[in-house]
Amino acid sequence: MDLNDADYHEWVSTQPQLDLGQEALHASPLDAFAVLLFIVVLQLSQRLADSARVRSWIIASRGAGGGDEAAKLSKEVNTLKAQLDATSAQDEFAKYCRIERKFRPARDRLVELMKTRAAQAEKTVSAFKRVTGGIATFLNIAVVWYYWRAPMFTLPHNLLFPLGFIFALPNMATGQV
């Protein structure tokens, strides 16, 4: 069956046309662009949260035990390490053992504190990524839902013939995508 332009126009005129009145277009495209830009910013912030610099900042600002304890412990470990390096293990065995008995527990406490702080930073980054991912997903769905009935663009009806109705489904008029 071959349709000429007159037959096609007659067929199109008999097809039900959807009324895409003001209720479908109650926001400007600029609003959608602003929301999509916000989504991009959220996704970039998620990627930024993975960087080592941000994680070290989180450890420094929100670490378990506070920064003062870690600073004191680190200073103590460095002092004991310098004393160990300055002391000969063979010539001053008793002094070396005394310093080493103080050094090992201090070093172990510092390592545990740093592990705790790193775990806290990981939890913070993970929570941040979950929240921003949820907001971005919700906003993506909201934009699609909000502009569901608004056509992105309108093409001449014969440009997509005979597949124009597929692109127009489920709620657009023929020629609208």
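Values below: every heavy atom of this structure, side chains too, minus hydrogens, waters and symmetry copies. Start at 1 with the first residue, then count along the sequence.
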Point to revise | Whichever hydrophobic residues join Val40 through chains of side-chain contacts under 4.5 Å | key: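 Its cluster partners, ordered by chain and number, are Leu44.
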
Review point. Where is the tightest heavy-atom contact between Ser45 and Thr132, given as atom of each residue plus distance?
Key: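 Between these two residues, the closest heavy atoms are OG-CG2, 4.2 Å.
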
Exercise for review: Please determine which of Thr137, Ile135, Asn140 meets the side-chain contact (heavy atoms from CB on, under 4.5 Å) test together with Ile39.
Suggested key: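 That would be Asn140.
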
**Study point:** Heavy-atom donor-acceptor pair, Ser126 side chain to Glu122 backbone, under 3.5 Å
**Key:**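 Such a contact is absent between Ser126 side chain and Glu122 backbone.
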
Check your understanding: What about Leu80 and Val77, same hydrophobic cluster or not, with Ile/Leu/Val/Met/Phe/Trp/Tyr joined at side-chain heavy-atom distances under 4.5 Å?
Key ->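 Cluster IDs for Leu80 and Val77 match.
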
Check your understanding: Side-chain heavy atoms under 4.5 angstrom apart, residues restricted to Ile, Leu, Val, Met, Phe, Trp, Tyr: same cluster for Val41 and Leu48?
Key ->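 As far as the 4.5 Å side-chain criterion goes, Leu48 and Val41 are not connected within one cluster.
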
Point to revise | Test item: Met114 and Val111 side chains (from C-beta on) under 4.5 Å apart, heavy atoms | key: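 Met114 does not reach Val111 side chain to side chain.
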
Solution key, residues 91-109 side-chain donor-acceptor pairs under 3.5 Å, sequence neighbours excluded:
from	atom 1	to	atom 2	distance (Å)
Glu100	OE2	Arg104	NH2	2.9

